[in-house]
Amino acid sequence: MEDSESDSLTLNMDLPDDCVNVKYNVIDDSQTDNSTTIMDLPDDCLVFIFKWLSDERDREVFGLTCTRWLDIQNRNQKSLQFDCSLTYTRQLSRTPRKIDTHDLHRALSCFQYLRSLSLSGCTELPDSGLKLLQCFGSSLRALHLDCCFEITDNGLSFVASGCPFLIYISLYRCNITDVGLEILAKSCLGLEDVNLMYCLGITDHGINGLVQNCAYLYGIRISNCRGMKGVGFHGCSQTLAYLEAESCKLEPEGIASMVSGGGLEYLNISNLSWSIRGDGLSAIGGGFAKMLRVLNMRLCRIVRDEDVALIAKGCPSLVEWNLALCHEIRVAGWESIALNCHNLERLHVNRCRNLCDRGLEALKNGCKKLTVL
């Protein structure tokens, strides 16, 4: 009896007040003919119990108890990811079935308070499937649509009207254009992170609409958007700190626009050897990238010593700099890095043909924090 009372006290310390009251009622009622069961607990107590279940299997079994418990489980499900999702870890022997509009309707009808929904890999899901979000998307903060090849601007308009509080959206390889992106940007003003990688229909016009409407943007991914020159970033907010732009046909004005907000901390403009002209890369060191910590210029084969010197002077906060396969950097370039990049910890120089003993000695003497070369 003493052990039982001790357990009750420990449990009561963790439960809300109304749960404590019910617990004492159970103890008192044991002395009478009335019987009280766990089913007499109010919903908020059951929700409290459900949230303490850390094992996913236990959470699934919770809903098998009865319809009331199933309803509590459904109302507290915050994320949903289908078997066909690209990020879903599954046995190789399993073949995920195709998800259609009916499947999505059933799921969203059950889980009406989702904050994160992943439809990634639903390659045949039509625009009409996203129309359901107009009824069930008001709680969503994150939406993953990677490789949803059938989703177009029309589907994106349903997302815009049904999910006004989105913070993150991934549209990797979706067949959308500037029209859909502008509709989204004008409705989801709180967007902070947007993935547009391999969205071949997106140009600078769409990006400009995004940065002008969404004042809290933190990260944008536009790698392999071949129609992108970069000028759409002109006037971007200082909140923009993360930008992936690998294999884009950027122009000098575009690179200057990318750093124009002044808050950029991470910039990837790798693989520009076949597109950038002249001294366009030197714009990074023009005074707007003083907060830049990570810069990836891998495969920018035409970058010269003069460009490197300007970037080194204009980006004093650099911690990591990738200059792999930048063959035109010679002694003067390495010496400028040693002279100015005193916070540098990682420097990628693999396959830089003109890095010699003199350049290495300069880096050793100047970059005192360098730990990885």
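- The shortest side-chain heavy-atom distance between F233 and I255 does not fall under the 4.5 Å cut-off.
- Between L140 and the choices L133, I169, V159, the side-chain contact (heavy atoms from CB on, under 4.5 Å) rule is met once, by L133.
- Rounding to the nearest 0.5 Å places OG of S170 at 3.5 Å from CG of D146.
- In terms of modelled atom types and a separation under 3.5 Å, the side chain of N296 and the main chain of S270 share no donor-acceptor contact.
- One hydrophobic cluster, built from ILVMFWY side chains closer than 4.5 Å, holds both L80 and L143.
- Taking every heavy atom of both residues into account, D127 and E150 meet most closely at OD1-O, 3.6 Å.
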Expected list for residues 205-213: side-chain donor-acceptor pairs under 3.5 angstrom, two or more places apart:
from	atom 1	to	atom 2	distance (Å)
H205	NE2	E182	OE1	3.2
N208	ND2	G232	O	3.1
Q212	NE2	H234	O	3.4
N213	ND2	G209	O	2.6

Under the side-chain contact (heavy atoms from CB on, under 4.5 Å) criterion, do L108 and L114 qualify, and how do the steps go?
CA-CA 8 Å; L108 294 180; L114 292 175; 4.0 Å; yes
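- The aromatic rings of Y266 and Y242 lie parallel to each other, with less than 30° between the two planes, well short of the 60° mark.
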May I have the step-by-step check of side-chain contact (heavy atoms from CB on, under 4.5 Å) for L156 and I151, ending in yes or no?
CA-CA 7 Å; L156 209 53; I151 299 302; 5.5 Å; no
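- Residue-environment remark: CZ (R141) exceeds the threshold of 12 foreign heavy atoms within 6.0 Å.
- Residue L272 comes nearest to C300 through the heavy atom pair CB-SG, 4.0 Å, listed as atom of the first residue, atom of the second, then distance.
- With contacts defined as side-chain heavy-atom distances shorter than 4.5 Å, the pair L184/V194 does not qualify.
- The shortest distance between side-chain heavy atoms of S157 and N154 falls below 4.5 Å.
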Which is it for H144 and Y172 under the ring-ring contact (aromatic ring centres under 6.0 Å, His included) test, yes or no, and what are the steps along the way?
CA-CA 9 Å; H144 303 257; Y172 174 81; over 10 Å; no
Without placing hydrogens or testing angles, list every side-chain donor-acceptor pair under 3.5 Å for residues 364-373, not counting sequence neighbours.
from	atom 1	to	atom 2	distance (Å)
N365	ND2	E361	O	3.1
K368	NZ	N365	O	3.2
K369	NZ	N343	OD1	3.2
T371	OG1	E345	O	3.2

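- Distance CZ/R293 to CG/L264: 12.5 Å, rounded to 0.5 Å.
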Please walk me through it: do C236 and S260 pass side-chain contact (heavy atoms from CB on, under 4.5 Å)?
CA-CA 7 Å; C236 59; S260 63; 3.8 Å; yes
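- Pairing each heavy atom of V331 with each of C356, the nearest pair is CG2-SG, 3.7 Å.
- The CG atom of D193 lies 11.5 Å from the CG atom of L166; values are rounded to the nearest 0.5 Å.
- F149 and R173 get closest at one heavy-atom pair: CD2-O, 3.6 Å.
- The two residues D305 and A332 come nearest to each other via the heavy atoms OD2-CB, 3.7 Å.
- Annotation: ring-ring contact (aromatic ring centres under 6.0 Å, His included) contacts involving residues 310-355, sequence neighbours excluded, are absent.
- L295 and F288 fall within the same hydrophobic cluster, defined by Ile, Leu, Val, Met, Phe, Trp and Tyr side-chain heavy atoms under 4.5 Å apart, directly or through other members.
- In this structure, the side chains of K78 and Y113 come closer than 4.5 Å at one or more pairs of heavy atoms.
- In this structure, L196 and M228 have side chains that are not in contact, with every pair of non-hydrogen atoms separated by 4.5 Å or more.
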Stepwise side-chain contact (heavy atoms from CB on, under 4.5 Å) test for E328 and N354:
CA-CA 7 Å; E328 297 303 313; N354 289 304; 5.5 Å; no
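- For the pair D307 and M297, the minimum side-chain heavy-atom distance is 4.5 Å or more.
- L250 and V294 are assigned to two separate hydrophobic clusters, defined by single-linkage of ILVMFWY side chains at heavy-atom distances under 4.5 Å.
- Side chain of T239 to backbone of L217: a donor-acceptor contact under 3.5 angstrom is found.
- Note that CD1 of I176 is 11.5 Å distant from SG of C148, once rounded to the nearest 0.5 Å.
- Summarising the geometry of A362 relative to E335, their closest heavy-atom pair is CB-CG, 3.8 Å, with the distance given to 0.1 Å.
- Note that SG of C163 is 9.0 Å distant from CD of Q134, once rounded to the nearest 0.5 Å.
- Linking ILVMFWY residues whenever their side-chain heavy atoms come closer than 4.5 Å, directly or via other members, leaves I183 and L171 in distinct clusters.
- Side chain of S317 to main chain of K290: a donor-acceptor pair is present (N/O by atom type, distance under 3.5 Å, no hydrogens or angles).
- With hydrogens and angles ignored, the 3.5 Å screen pairs a side-chain donor or acceptor of S161 with a backbone N or O of F158.
- D204 places a side-chain N or O within donor-acceptor distance of the main-chain N or O of G230, the cut-off being under 3.5 Å.
- I167 and L243 fall into different hydrophobic clusters, where Ile, Leu, Val, Met, Phe, Trp and Tyr residues are linked whenever their side-chain heavy atoms come under 4.5 Å apart, directly or through other members.
- The CD atom of Q81 sits 8.0 Å away from the OG atom of S116 when rounded to the nearest 0.5 Å.
- For the pair S247 (side chain) and N224 (backbone), a donor-acceptor distance under 3.5 Å is absent.
- For R221 and E244, the salt-bridge test fails: no basic side-chain N is under 4.0 Å from an acidic carboxylate O.
- The aromatic rings of H105 and F136 lie perpendicular to each other, with more than 60° between the two planes, well past the 30° mark.
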